[in-house]
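Single-structure report; data block below.
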Amino acid sequence: MARRSIPLLKNLVGNHNTDLPLCFLKSGTSSANVLRSITYMPRPGDGTPRAVTLIPGDGIGPLVTDSVDKVMAAMHAPVYFEKFDAHGDMNTVPPEVIDSIRRNKVCLKGGLKTPVGGGVSSLNMQLRKELDLFASLVNCFNLKGLQTKHDNVDIVVIRENTEGEYAGLEHEVVPGVVESLKVITKFCSERIAKYAFEYAYLNNRKKVTAVHKANIMKLADGLFLESCQEVAKKYPGIEYNEIIVDNCCMQLVSKPEQFDVMVTPNLYGNLVANAAAGIAGGTGVMPGGNVGVDHAIFEQGASAGNVGDEEILENKHANPVALLLSSAMMLRHLQFPSFADRLEIAVKNVIEEGKYRTKDLGGNSTTEEVTLAVISALR
Amino acid sequence: MAGRRRSLQTLTQLLYRSPSTSIPLTRSVTYMPRPGDGAPRVVTLIPGDGIGPLVTGAVEQVMEAMHAPVSFEKYDVHGDMSVVPKEVIDSIRRNKICLKGGLKTPVGGGVSSLNVQLRKELDLFASLVHCFNLKGLPTRHENVDIVVIRENTEGEYAGLEHEVVPGVVESLKVITKFCSERIAKYAFEYAYLNNRKKVTAVHKANIMKLADGLFLESCREVAKKYPGIQFDEIIVDNCCMQLVSKPEQFDVMVTPNLYGNLVANTAAGIAGGNGVMPGGNVGQDHAIFEQGASAGNVGKQKMVDRKTANPVALLLSSSMMLRHLHFPSFADRLETAVKRVIEEGKYRTKDLGGTNTTQEVVDAVIAVIQD
């Protein structure tokens, strides 16, 4: 019996069939991360290089944006960067930066450090309000080869970016008493709900969940919910439900597979996005961006409100994966699908192989080493 | 003894593993649309003659099943009309995109082809046909993945013919630097945008030294601007022979009008037939998608009567159209569904060796999409 089965086993193993269980495949091949051939007919002139504004920012910003620069050059992508210096301790974003973004329509940035307290408004927020980038999108998903405590996570958090608790309207009524205004408008709630359902429709997503606390803030979050419910009626094919934010946080960490697309007001979105990023692999790997009608800014999906601590800066082991995946989103936004695919697959293959990982993923490589690994994984 | 038990275990594992087709149904792609990107787009639809109405009907059904953000404006055009009706041209100028079945071109008689009229009127100077092996469809040649980019407006199709004296006819083949340059630019830009490694120019400049020579010069000039892409040239008779013996050497091919027609149909034939290859015509402002290579006919009467035309080519072309309209997720789903139906092999029309009708193949594709 054993002698008869050996040639059969040899035959099956020798075919290198991708249907075989993983142990029989040669190490290093992965059937999911293979470049697929797509039929795509570009318009004449679609290959003209596009200018993109680049803001390195503070902290780990210059390190990771430099990584993107190198990878774009290695791919000969039809993109060139206009670099501008902006730092979190400036009063306002310099007008030439805003002009550049208005001209180029697309921007890639590292983080800008926001001081705690002190009445200085965050430059990140200034940019979003100035350019009316009303939707922030973070895609949190499990990466193949990266072990986390939760599997089957694939959540897109769409967060209203301009009002809510971030309206910035605060005043001291009497000494020792401060009022902070949370502003919710029908206009903004409607447009963020429309964007969330349109996203779900365009990306074949099945469910949109609105996150709120309307049992307490009955009028404010109630208005947000009403807008979502109205828009949901126009998309009968997409399931819609609502969840209170405290329950949502608990469900995220116990059963995250129940969530698909989530639409939230400003503050809850910040918290939910960071929590979702954390369960799926950390803020070092999740891509994201901010989009408005005319402009888009791509940055690390969830940065937990900081630009990296001193230790990461000194040892230069910031994780470039998040910004690399965001720049793949940017290439797709600029209608360069082939380049976007190549970059994304190279990054995913590097993560899957597991040889080059920065400290936050449990490895000990530097940013430079991961960047070189991605460049050599490009097909 | 222990070895016997171990090999038995492994065998059992292999036998009872869950079956999986090798094409995953969807891939997760991070894509941030602009607000308003989901607004439905209008596309002009020309069913045409012969098998045209059958296969465009197939595309309409599948788009409906996917709830794609596309709506069609149908127009009746037939090959025996003398010109393309004005409202059709206006509609395409307005919508910028058109999907069409074939229009029958009469042989001889001095009536110009409506297909060529459309291309010249809208200046769709590049015709693109993508010929590739489909998984699950065995052919005599493996590893075929050729894109034929053909100049669409001049060359032998200039339509300038006259009878010098009775019994002597001159047919003018016109090659211009302008048109040759722009088709070469399009071919290299295509190769650059799609990560292709080589562009091959097809010519017969040993005989037509000035005409095809001008075409070749233009290609060489453009090639200098793309040092990362390999460029070579091949004479068209050698090309036809190489296509049918070693097609894996070709990647992107750029050709003048007539050679492109022949090379595209040959390449389509070796990779599975003109029932499955997608293609389109594109210009600066407009694009028309149709079956890649139709071998100059719109299907035999028998195919029309029995309704056994192959809808795959037009379905893959409409997937190219969805990608052109920037709906990548819908394009992916349609393409994956069609490829899976071909791979499974249960529903195939006569030209692929099966016995199913067009409707059965369409139903199979819809079933995979709605899965």
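A note on names: the letters A, B, ... follow the listed sequences, proteins ahead of strands, and every chain is numbered from 1.
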> With B:Ala191, which residues qualify under side-chain contact (heavy atoms from CB on, under 4.5 Å), at least two apart?
Replying inline: B:Arg196, B:Val199, B:Ile229, B:Val252
> Any idea which of A:Phe336, A:Phe339, A:Phe298 has the most non-hydrogen atom pairs under 4.5 angstrom with chain B?
Replying inline: A:Phe339
>> Please identify, among A:Met330, A:Met75, A:Arg191, A:Glu198, the residue contributing the most non-hydrogen atom pairs under 4.5 Å to chain B.
In response: A:Glu198
> Top residue by heavy-atom pair count (under 4.5 Å) with chain A, among B:Ser317, B:Pro69, B:Gly228?
Replying inline: B:Pro69
> Between B:Ala331 and chain A, which part of the residue has a heavy atom less than 4.5 Å away: side chain, backbone, both or neither?
Replying inline: neither
> If you tally heavy-atom pairs under 4.5 Å against chain B, which of A:His295, A:His76, A:Lys194 wins?
Replying inline: A:His76
>> Return the NE2 to CD1 distance between B:His286 and B:Ile92, rounded to the nearest 0.5 Å.
In response: 8.5 Å
>> For chain B, which candidate among A:Gly288, A:Gly45, A:Ala135 shows the most heavy-atom pairs at distances under 4.5 Å?
In response: A:Gly45
> Is it the side chain or the backbone of A:Ala77 that comes within 4.5 Å of chain B heavy atoms, both, or neither?
Replying inline: backbone
> So which of B:Ile149, B:Asp285, B:Val282 has the largest heavy-atom pair count under 4.5 angstrom toward chain A?
Replying inline: B:Val282
> Heavy-atom count around B:Glu64 CD within 6.0 Å, excluding the residue itself: above 12?
Replying inline: no
> What class does the angle between the rings of B:Tyr226 and B:Phe188 fall in, given that below 30° is parallel, 30 to 60° is tilted and above 60° is perpendicular?
Replying inline: parallel
>> Angle between ring planes, B:Tyr190 versus B:Tyr186, binned at 30° and 60°: parallel, tilted or perpendicular?
In response: tilted
>> Less than 4.5 Å to any heavy atom of chain B: does that hold for the side chain of A:Asp294, its backbone, both, or neither?
In response: neither
>> Counting heavy-atom pairs under 4.5 Å with chain B, which one of A:Gly292, A:Pro78, A:Gly289 comes out on top?
In response: A:Pro78
>> Looking only at side-chain N and O atoms, does B:Glu142 offer a donor or acceptor that is under 3.5 Å from a partner on B:Asn133?
In response: no
>> Can you tell me how the ring of B:Phe132 sits relative to the ring of B:His130, calling it parallel under 30°, perpendicular over 60° and tilted otherwise?
In response: tilted
